Amino acid sequence: MEKQEEFKAFVDSEIVPVAGHIDQEAYVPDSVLQKIVDKGYWGAALPAEYGGANMDYVTYGLWNEEIGRGCANLRNIIGVQGMVTSSILRWGSQEQKQYWLPKMSSGELKTAFAITESQIGSDIKNLQTKAIQVGAEYVISGQKKWITFGQGADVFLVFAQCEGQGIALLVDRNTPGLTIRPISGLVGFRGSMLAELIFEDCRVPTDNLIGRVGFGIALVANNGLTHGRYSTAWGAVGLAQACLNASLDYISERKQFEHYLKDHQLIQQMIANMVTNTVAAKQLCFRAGQLWDQNEVNATFATSLAKYFSSVHAFKAATDAVQIHGANGCSSNYPVERHMRDAKIMEVVEGSTQIQQVLIAQDALNIMKN
(Lines give C-alpha, C1' and ligand atoms only; values in the text may rest on other atoms or scores of the structure.)
Protein backbone atom coordinates (compact mmCIF):
# COMPACT_ATOMS: atom_id res chain seq x y z
CA MET A 1 0.00 0.00 0.00
CA GLU A 2 3.03 2.27 -0.35
CA LYS A 3 1.53 3.94 -3.42
CA GLN A 4 -1.75 4.59 -1.62
CA GLU A 5 0.13 6.37 1.15
CA GLU A 6 1.79 8.49 -1.53
CA PHE A 7 -1.59 9.28 -3.10
CA LYS A 8 -3.09 10.03 0.32
CA ALA A 9 -0.35 12.48 1.23
CA PHE A 10 -0.77 14.33 -2.07
CA VAL A 11 -4.56 14.50 -1.75
CA ASP A 12 -4.42 15.68 1.87
CA SER A 13 -1.95 18.47 1.09
CA GLU A 14 -3.10 19.63 -2.35
CA ILE A 15 -6.70 18.53 -2.94
CA VAL A 16 -8.68 18.45 0.31
CA PRO A 17 -8.03 22.16 1.07
CA VAL A 18 -9.51 23.27 -2.29
CA ALA A 19 -12.36 20.73 -2.70
CA GLY A 20 -15.01 22.93 -1.10
CA HIS A 21 -13.96 25.91 -3.20
CA ILE A 22 -14.16 23.85 -6.39
CA ASP A 23 -17.71 22.84 -5.47
CA GLN A 24 -18.84 26.33 -4.54
CA GLU A 25 -17.28 28.04 -7.55
CA ALA A 26 -18.26 25.22 -9.94
CA TYR A 27 -14.81 25.49 -11.45
CA VAL A 28 -11.44 23.72 -11.25
CA PRO A 29 -8.46 26.10 -11.45
CA ASP A 30 -5.77 25.16 -13.95
CA SER A 31 -3.23 25.37 -11.13
CA VAL A 32 -4.91 22.43 -9.36
CA LEU A 33 -4.95 20.31 -12.51
CA GLN A 34 -1.30 21.17 -13.11
CA LYS A 35 -0.34 19.78 -9.71
CA ILE A 36 -1.86 16.44 -10.71
CA VAL A 37 -0.02 16.59 -14.04
CA ASP A 38 3.27 17.44 -12.33
CA LYS A 39 2.98 14.39 -10.07
CA GLY A 40 2.55 12.18 -13.13
CA TYR A 41 -0.97 11.17 -12.13
CA TRP A 42 -2.84 12.66 -15.10
CA GLY A 43 -2.00 9.81 -17.47
CA ALA A 44 -1.95 7.34 -14.60
CA ALA A 45 -3.11 4.23 -16.44
CA LEU A 46 -1.31 4.85 -19.74
CA PRO A 47 1.84 2.89 -20.66
CA ALA A 48 5.18 4.61 -20.17
CA GLU A 49 5.80 4.62 -23.93
CA TYR A 50 3.03 7.21 -24.23
CA GLY A 51 4.19 9.26 -21.24
CA GLY A 52 1.89 7.59 -18.74
CA ALA A 53 2.57 6.35 -15.21
CA ASN A 54 1.98 2.74 -16.29
CA MET A 55 -0.11 1.94 -13.21
CA ASP A 56 -1.69 -1.49 -13.04
CA TYR A 57 -5.47 -1.60 -12.49
CA VAL A 58 -5.31 -2.06 -8.72
CA THR A 59 -2.87 0.84 -8.26
CA TYR A 60 -4.96 3.00 -10.58
CA GLY A 61 -7.97 2.10 -8.46
CA LEU A 62 -6.23 3.17 -5.28
CA TRP A 63 -5.41 6.51 -6.93
CA ASN A 64 -9.09 6.96 -7.78
CA GLU A 65 -10.06 6.06 -4.24
CA GLU A 66 -7.81 8.71 -2.72
CA ILE A 67 -8.69 11.48 -5.18
CA GLY A 68 -12.35 10.53 -4.68
CA ARG A 69 -11.93 10.85 -0.94
CA GLY A 70 -10.52 14.33 -1.40
CA CYS A 71 -12.67 15.72 -4.21
CA ALA A 72 -15.36 13.88 -6.15
CA ASN A 73 -15.22 16.48 -8.92
CA LEU A 74 -11.54 15.93 -9.63
CA ARG A 75 -12.02 12.16 -9.52
CA ASN A 76 -14.81 12.55 -12.06
CA ILE A 77 -12.66 14.64 -14.39
CA ILE A 78 -9.71 12.24 -14.09
CA GLY A 79 -12.04 9.31 -14.74
CA VAL A 80 -13.17 10.95 -17.97
CA GLN A 81 -9.57 11.41 -19.11
CA GLY A 82 -9.13 7.68 -18.64
CA MET A 83 -12.34 6.90 -20.52
CA VAL A 84 -10.98 8.69 -23.59
CA THR A 85 -7.36 7.55 -23.41
CA SER A 86 -8.24 3.91 -22.69
CA SER A 87 -10.51 3.93 -25.74
CA ILE A 88 -7.74 5.27 -27.97
CA LEU A 89 -5.25 2.83 -26.46
CA ARG A 90 -7.58 -0.11 -27.14
CA TRP A 91 -9.08 0.85 -30.50
CA GLY A 92 -6.90 3.56 -32.02
CA SER A 93 -4.36 2.98 -34.79
CA GLN A 94 -0.67 3.04 -33.95
CA GLU A 95 -0.39 6.47 -35.56
CA GLN A 96 -3.30 7.79 -33.47
CA LYS A 97 -1.85 6.40 -30.27
CA GLN A 98 1.56 7.91 -30.97
CA TYR A 99 0.08 11.30 -31.81
CA TRP A 100 -2.70 11.71 -29.24
CA LEU A 101 -1.75 9.77 -26.13
CA PRO A 102 1.52 11.58 -25.21
CA LYS A 103 -0.28 14.91 -25.50
CA MET A 104 -3.10 13.62 -23.30
CA SER A 105 -0.90 12.01 -20.66
CA SER A 106 1.15 15.20 -20.33
CA GLY A 107 -1.94 17.35 -19.86
CA GLU A 108 -1.21 19.28 -23.05
CA LEU A 109 -4.58 18.08 -24.31
CA LYS A 110 -7.38 17.54 -21.83
CA THR A 111 -10.34 15.49 -22.93
CA ALA A 112 -14.04 14.77 -22.55
CA PHE A 113 -16.21 11.76 -23.42
CA ALA A 114 -19.17 13.04 -25.43
CA ILE A 115 -21.87 10.39 -25.68
CA THR A 116 -24.93 11.51 -23.66
CA GLU A 117 -27.71 13.50 -25.33
CA SER A 118 -30.72 15.34 -23.94
CA GLN A 119 -33.05 12.49 -24.96
CA ILE A 120 -30.52 9.65 -24.90
CA GLY A 121 -28.81 8.50 -21.71
CA SER A 122 -28.27 4.77 -21.31
CA ASP A 123 -29.91 3.98 -24.68
CA ILE A 124 -26.72 4.70 -26.57
CA LYS A 125 -27.64 2.58 -29.59
CA ASN A 126 -30.18 5.24 -30.57
CA LEU A 127 -27.97 8.33 -30.58
CA GLN A 128 -29.42 11.24 -32.56
CA THR A 129 -26.12 12.94 -33.42
CA LYS A 130 -25.31 12.23 -37.06
CA ALA A 131 -22.07 12.09 -39.03
CA ILE A 132 -21.86 11.98 -42.82
CA GLN A 133 -18.67 11.22 -44.69
CA VAL A 134 -17.84 13.80 -47.34
CA GLY A 135 -14.53 13.00 -49.00
CA ALA A 136 -11.74 13.01 -46.41
CA GLU A 137 -13.99 14.48 -43.69
CA TYR A 138 -16.94 13.62 -41.49
CA VAL A 139 -19.61 16.29 -41.09
CA ILE A 140 -21.22 16.15 -37.63
CA SER A 141 -24.61 17.58 -36.66
CA GLY A 142 -26.44 17.18 -33.36
CA GLN A 143 -26.21 17.92 -29.65
CA LYS A 144 -24.58 16.37 -26.61
CA LYS A 145 -25.54 17.15 -23.02
CA TRP A 146 -24.21 16.58 -19.49
CA ILE A 147 -20.65 16.26 -20.79
CA THR A 148 -18.21 16.13 -17.88
CA PHE A 149 -15.40 18.69 -18.27
CA GLY A 150 -17.02 19.92 -21.46
CA GLN A 151 -16.15 23.48 -20.44
CA GLY A 152 -12.43 22.77 -20.13
CA ALA A 153 -11.62 19.97 -22.58
CA ASP A 154 -9.39 20.60 -25.58
CA VAL A 155 -10.64 17.58 -27.51
CA PHE A 156 -13.81 15.50 -27.36
CA LEU A 157 -14.37 11.83 -28.16
CA VAL A 158 -17.73 12.20 -29.87
CA PHE A 159 -20.11 9.33 -30.62
CA ALA A 160 -22.53 9.56 -33.52
CA GLN A 161 -24.50 7.55 -36.08
CA CYS A 162 -23.13 7.24 -39.61
CA GLU A 163 -25.50 5.53 -42.04
CA GLY A 164 -27.02 3.57 -39.18
CA GLN A 165 -23.72 2.52 -37.64
CA GLY A 166 -21.98 3.90 -34.59
CA ILE A 167 -18.73 5.82 -34.93
CA ALA A 168 -16.33 7.56 -32.56
CA LEU A 169 -14.50 10.72 -33.64
CA LEU A 170 -11.96 12.99 -31.96
CA VAL A 171 -13.14 16.60 -32.29
CA ASP A 172 -11.07 19.68 -31.42
CA ARG A 173 -12.93 22.27 -29.32
CA ASN A 174 -11.99 24.97 -31.86
CA THR A 175 -13.66 23.16 -34.77
CA PRO A 176 -15.89 25.61 -36.68
CA GLY A 177 -19.55 24.91 -36.01
CA LEU A 178 -19.01 23.59 -32.47
CA THR A 179 -20.67 25.62 -29.70
CA ILE A 180 -19.99 24.84 -26.02
CA ARG A 181 -22.58 25.94 -23.45
CA PRO A 182 -21.80 25.60 -19.73
CA ILE A 183 -24.35 23.77 -17.56
CA SER A 184 -24.94 25.06 -14.03
CA GLY A 185 -27.36 24.50 -11.15
CA LEU A 186 -26.50 20.83 -10.62
CA VAL A 187 -27.27 18.88 -7.46
CA GLY A 188 -23.77 17.43 -7.31
CA PHE A 189 -20.54 17.28 -9.29
CA ARG A 190 -20.89 21.05 -9.56
CA GLY A 191 -17.17 21.47 -10.09
CA SER A 192 -16.99 18.93 -12.91
CA MET A 193 -17.55 21.75 -15.42
CA LEU A 194 -20.32 20.07 -17.39
CA ALA A 195 -21.39 21.45 -20.76
CA GLU A 196 -23.75 21.03 -23.68
CA LEU A 197 -22.10 20.60 -27.09
CA ILE A 198 -23.88 21.76 -30.24
CA PHE A 199 -22.54 20.54 -33.59
CA GLU A 200 -23.62 22.42 -36.69
CA ASP A 201 -21.97 20.87 -39.75
CA CYS A 202 -18.67 20.39 -37.94
CA ARG A 203 -16.03 19.01 -40.28
CA VAL A 204 -13.59 16.50 -38.81
CA PRO A 205 -10.80 14.65 -40.70
CA THR A 206 -11.46 10.97 -41.31
CA ASP A 207 -8.06 10.39 -39.65
CA ASN A 208 -9.81 11.23 -36.37
CA LEU A 209 -12.02 8.14 -36.58
CA ILE A 210 -11.26 5.75 -33.70
CA GLY A 211 -11.61 2.15 -34.80
CA ARG A 212 -13.85 1.61 -37.81
CA VAL A 213 -17.38 2.58 -38.78
CA GLY A 214 -19.62 0.30 -36.74
CA PHE A 215 -17.14 0.09 -33.84
CA GLY A 216 -18.33 3.27 -32.13
CA ILE A 217 -21.01 1.98 -29.76
CA ALA A 218 -20.43 -1.73 -29.20
CA LEU A 219 -16.66 -1.48 -28.81
CA VAL A 220 -15.27 2.03 -28.32
CA ALA A 221 -18.11 3.44 -26.19
CA ASN A 222 -18.49 0.34 -24.05
CA ASN A 223 -14.72 0.27 -23.48
CA GLY A 224 -14.82 3.84 -22.21
CA LEU A 225 -17.93 3.32 -20.09
CA THR A 226 -16.44 0.25 -18.43
CA HIS A 227 -13.34 2.26 -17.56
CA GLY A 228 -15.59 5.00 -16.18
CA ARG A 229 -17.48 2.52 -14.02
CA TYR A 230 -14.24 1.18 -12.59
CA SER A 231 -13.03 4.69 -11.76
CA THR A 232 -16.41 5.63 -10.27
CA ALA A 233 -16.54 2.50 -8.13
CA TRP A 234 -13.20 3.29 -6.51
CA GLY A 235 -14.12 6.97 -6.21
CA ALA A 236 -17.30 5.98 -4.38
CA VAL A 237 -15.21 4.00 -1.90
CA GLY A 238 -13.12 7.11 -1.31
CA LEU A 239 -16.20 9.27 -0.81
CA ALA A 240 -17.66 6.74 1.64
CA GLN A 241 -14.36 6.77 3.54
CA ALA A 242 -14.48 10.57 3.68
CA CYS A 243 -17.99 10.35 5.16
CA LEU A 244 -16.82 7.80 7.70
CA ASN A 245 -13.80 9.89 8.68
CA ALA A 246 -15.92 13.02 9.11
CA SER A 247 -18.48 11.12 11.17
CA LEU A 248 -15.87 9.56 13.46
CA ASP A 249 -14.40 12.99 14.14
CA TYR A 250 -17.80 14.54 14.78
CA ILE A 251 -19.14 11.89 17.16
CA SER A 252 -15.94 12.09 19.19
CA GLU A 253 -16.36 15.85 19.70
CA ARG A 254 -20.12 16.41 19.87
CA LYS A 255 -22.13 15.88 23.06
CA GLN A 256 -25.88 15.38 23.40
CA PHE A 257 -27.69 14.57 26.66
CA GLU A 258 -24.36 14.87 28.51
CA HIS A 259 -22.75 12.08 26.46
CA TYR A 260 -20.59 12.07 23.37
CA LEU A 261 -22.45 10.92 20.28
CA LYS A 262 -20.01 8.03 20.00
CA ASP A 263 -21.57 6.53 23.15
CA HIS A 264 -25.10 6.41 21.72
CA GLN A 265 -25.95 2.94 20.45
CA LEU A 266 -27.99 4.08 17.42
CA ILE A 267 -25.02 6.18 16.31
CA GLN A 268 -22.79 3.15 16.80
CA GLN A 269 -25.15 1.15 14.58
CA MET A 270 -24.80 3.72 11.77
CA ILE A 271 -21.03 3.74 12.10
CA ALA A 272 -20.86 -0.06 12.09
CA ASN A 273 -22.87 -0.23 8.88
CA MET A 274 -20.74 2.48 7.32
CA VAL A 275 -17.50 0.69 8.18
CA THR A 276 -18.69 -2.74 7.06
CA ASN A 277 -20.07 -1.60 3.71
CA THR A 278 -17.04 0.59 2.95
CA VAL A 279 -14.73 -2.38 3.53
CA ALA A 280 -17.00 -4.62 1.43
CA ALA A 281 -17.12 -2.07 -1.41
CA LYS A 282 -13.35 -1.81 -1.44
CA GLN A 283 -13.01 -5.58 -1.64
CA LEU A 284 -15.30 -5.65 -4.68
CA CYS A 285 -13.14 -2.97 -6.28
CA PHE A 286 -9.99 -4.91 -5.47
CA ARG A 287 -11.46 -8.01 -7.06
CA ALA A 288 -12.36 -6.11 -10.23
CA GLY A 289 -8.87 -4.62 -10.43
CA GLN A 290 -7.20 -7.98 -9.92
CA LEU A 291 -9.31 -9.54 -12.67
CA TRP A 292 -8.40 -6.73 -15.07
CA ASP A 293 -4.73 -7.13 -14.22
CA GLN A 294 -5.03 -10.86 -14.93
CA ASN A 295 -6.96 -10.16 -18.16
CA GLU A 296 -9.80 -12.36 -16.92
CA VAL A 297 -13.00 -12.58 -18.93
CA ASN A 298 -15.23 -11.77 -15.92
CA ALA A 299 -13.54 -8.43 -15.21
CA THR A 300 -16.39 -6.45 -16.78
CA PHE A 301 -18.93 -8.30 -14.64
CA ALA A 302 -16.84 -7.63 -11.53
CA THR A 303 -16.67 -3.95 -12.49
CA SER A 304 -20.47 -3.69 -12.67
CA LEU A 305 -20.74 -5.35 -9.25
CA ALA A 306 -18.23 -2.91 -7.79
CA LYS A 307 -19.83 0.16 -9.36
CA TYR A 308 -23.31 -0.88 -8.26
CA PHE A 309 -22.47 -1.70 -4.65
CA SER A 310 -19.97 1.12 -4.12
CA SER A 311 -22.17 3.91 -5.49
CA VAL A 312 -25.28 2.75 -3.61
CA HIS A 313 -23.29 2.48 -0.39
CA ALA A 314 -21.60 5.85 -0.91
CA PHE A 315 -24.96 7.59 -1.03
CA LYS A 316 -26.18 5.73 2.06
CA ALA A 317 -22.96 6.56 3.90
CA ALA A 318 -23.31 10.21 2.92
CA THR A 319 -26.95 10.47 4.03
CA ASP A 320 -26.07 8.80 7.32
CA ALA A 321 -23.15 11.17 7.77
CA VAL A 322 -25.48 14.14 7.28
CA GLN A 323 -27.92 12.59 9.78
CA ILE A 324 -25.13 12.16 12.32
CA HIS A 325 -24.12 15.79 11.88
CA GLY A 326 -27.70 16.98 12.33
CA ALA A 327 -28.31 20.57 11.27
CA ASN A 328 -24.56 21.05 10.81
CA GLY A 329 -24.66 18.36 8.15
CA CYS A 330 -26.95 20.58 6.07
CA SER A 331 -24.40 23.40 6.05
CA SER A 332 -21.60 23.93 3.53
CA ASN A 333 -19.34 24.52 6.53
CA TYR A 334 -19.16 20.73 6.82
CA PRO A 335 -18.03 18.55 3.90
CA VAL A 336 -20.70 15.86 4.38
CA GLU A 337 -23.29 18.14 2.74
CA ARG A 338 -21.17 18.21 -0.42
CA HIS A 339 -20.46 14.48 -0.17
CA MET A 340 -24.17 13.69 -0.13
CA ARG A 341 -24.85 15.72 -3.27
CA ASP A 342 -21.88 14.22 -5.10
CA ALA A 343 -22.71 10.68 -3.99
CA LYS A 344 -26.16 10.90 -5.54
CA ILE A 345 -24.61 11.62 -8.94
CA MET A 346 -22.43 8.52 -8.61
CA GLU A 347 -25.58 6.42 -8.76
CA VAL A 348 -26.39 8.01 -12.13
CA VAL A 349 -23.15 8.39 -14.12
CA GLU A 350 -21.56 5.69 -16.31
CA GLY A 351 -24.72 3.60 -16.15
CA SER A 352 -27.28 4.19 -13.41
CA THR A 353 -27.92 1.87 -10.47
CA GLN A 354 -30.78 0.32 -12.40
CA ILE A 355 -28.66 -0.22 -15.52
CA GLN A 356 -26.02 -1.93 -13.37
CA GLN A 357 -28.68 -4.21 -11.92
CA VAL A 358 -29.77 -5.20 -15.43
CA LEU A 359 -26.18 -5.83 -16.53
CA ILE A 360 -25.41 -7.85 -13.41
CA ALA A 361 -28.51 -10.00 -13.83
CA GLN A 362 -27.82 -10.63 -17.52
CA ASP A 363 -24.16 -11.48 -16.88
CA ALA A 364 -25.12 -13.76 -13.99
CA LEU A 365 -27.47 -15.70 -16.27
CA ASN A 366 -24.75 -16.11 -18.89
CA ILE A 367 -22.17 -17.17 -16.34
CA MET A 368 -24.55 -19.71 -14.77
CA LYS A 369 -25.36 -21.17 -18.18
CA ASN A 370 -21.67 -21.66 -18.85
Side-chain angles (χ1 to χ4, degrees), residues 26-28 73 76-77 79-81 83-84 87-88 91 109-134 137-211 213-225 227-229 232 345 348-352 354-355:
Y27 179 78
V28 180
N73 286 292
N76 190 34
I77 291 171
V80 167
Q81 307 308 305
M83 291 171 72
V84 174
S87 297
I88 298 172
W91 295 108
L109 292 179
K110 296 180 175 65
T111 66
F113 193 85
I115 191 166
T116 306
E117 300 176 357
S118 60
Q119 300 300 318
I120 302 293
S122 299
D123 187 18
I124 59 176
K125 291 183 180 180
N126 290 307
L127 295 176
Q128 299 302 301
T129 299
K130 306 296 183 185
I132 301 172
Q133 185 172 358
V134 179
E137 295 178 318
Y138 284 102
V139 181
I140 307 174
S141 298
Q143 296 183 359
K144 298 294 181 180
K145 199 169 186 180
W146 315 117
I147 306 305
T148 294
F149 204 52
Q151 298 175 42
D154 302 296
V155 61
F156 302 92
L157 183 56
V158 178
F159 296 87
Q161 296 283 358
C162 180
E163 298 181 356
Q165 299 186 81
I167 65 172
L169 294 162
L170 290 168
V171 181
D172 188 281
R173 73 175 290 121
N174 296 316
T175 302
L178 172 57
T179 301
I180 301 172
R181 293 179 180 170
I183 296 175
S184 60
L186 298 168
V187 170
F189 280 12
R190 292 177 177 176
S192 294
M193 299 173 65
L194 272 66
E196 181 178 10
L197 312 180
I198 302 169
F199 301 91
E200 298 176 299
D201 295 331
C202 292
R203 293 181 173 270
V204 179
T206 55
D207 287 345
N208 287 19
L209 176 70
I210 302 300
V213 173
F215 278 27
I217 305 304
L219 300 177
V220 182
N222 282 326
N223 178 94
L225 290 170
H227 183 100
R229 287 165 189 160
T232 301
I345 308 302
V348 176
V349 296
E350 325 313 355
S352 67
Q354 289 69 36
I355 290 295

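Just so we're clear, the structure is a prediction, and the values are computed from it rather than from any experiment.
- Distance CG/Asn222 to CZ/Arg229: 7.0 Å, rounded to 0.5 Å.
- Shown here is Gln133, whose CD atom has more than 12 heavy atoms of other residues, nucleotides or ligands within 6.0 Å.
- Summarising the geometry, atom CD belonging to Gln143 is positioned 8.0 Å from atom OG1 belonging to Thr129; distances are rounded to the nearest 0.5 Å.
- Side-chain atoms of Trp146 and Val349, non-hydrogen and from C-beta on, never get closer than 4.5 Å to each other.
- In this structure, the separation between CE on Met83 and CG on Leu225 is 5.0 Å, given to the nearest 0.5 Å.
- Remark: Lys144 engages Glu117 in a salt bridge, criterion side-chain N to carboxylate O under 4.0 Å.
- Judged purely by atom type and a 3.5 angstrom limit, Gln151 uses its side chain to pair as donor or acceptor with the backbone of Leu194.
- Using a 4.5 Å cut-off on side-chain heavy atoms (C-beta onward), Arg203 and Val134 make contact.
- Sequence neighbours left out, the pairs with a member in residues 183-200 that pass side chain to side chain donor-acceptor pair (under 3.5 Å) are Asn73-Ser192, Asn76-Ser192.
- Interatomic distance, Ile210 CD1 to Ser87 OG, rounded to the nearest 0.5 Å: 8.5 Å.
- Distance check, rounded to the nearest 0.5 Å: CD of Gln165 to CD1 of Ile217 gives 11.0 Å.
- For the pair Thr111/Leu157, no side-chain contact is recorded, criterion being any heavy-atom separation below 4.5 Å from C-beta on.
- Taking 4.5 Å as the limit, every side-chain heavy atom of Leu186 sits out of range of all side-chain heavy atoms of Ile345.
- Pairing each heavy atom of Ala160 with each of Leu127, the nearest pair is N-CD1, 4.2 Å.
- The shortest heavy-atom contact between Ala112 and Ile147 is CB-CG2, 3.9 Å.
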Evaluate Phe156 against Leu197 for side chain to side chain contact (heavy atoms under 4.5 Å, CB included), listing each step before the verdict.
CA-CA 10 Å; Phe156 302 92; Leu197 312 180; 3.6 Å; yes

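- Across all their heavy atoms, Trp91 and Asn223 have their closest contact at NE1-CB, 3.9 Å.
- Using a 4.5 Å heavy-atom cutoff, the side chains of Tyr138 and Val213 are in contact.
- For Gln354, the side chain to side chain contact (heavy atoms under 4.5 Å, CB included) partners at least two apart in sequence or on another chain are Ser352, Gln357.
- How far CD1 of Ile180 is from CE of Met193: 10.5 Å, rounded to the nearest 0.5 Å.
- Looking at heavy atoms from C-beta onward, Lys145 lies out of side-chain contact with Thr116 at the 4.5 angstrom threshold.
- In this view, Val204 and Ile140, Val171, Asn208 satisfy the side chain to side chain contact (heavy atoms under 4.5 Å, CB included) rule, not counting sequence neighbours.
- Aromatic ring pairs are classed by plane angle as parallel below 30°, tilted from 30° to 60° and perpendicular above 60°; the pair Phe159 and Phe113 is tilted.
- Here the closest non-hydrogen pair linking Ile167 and Leu209 is CB-CD1, 3.8 Å.
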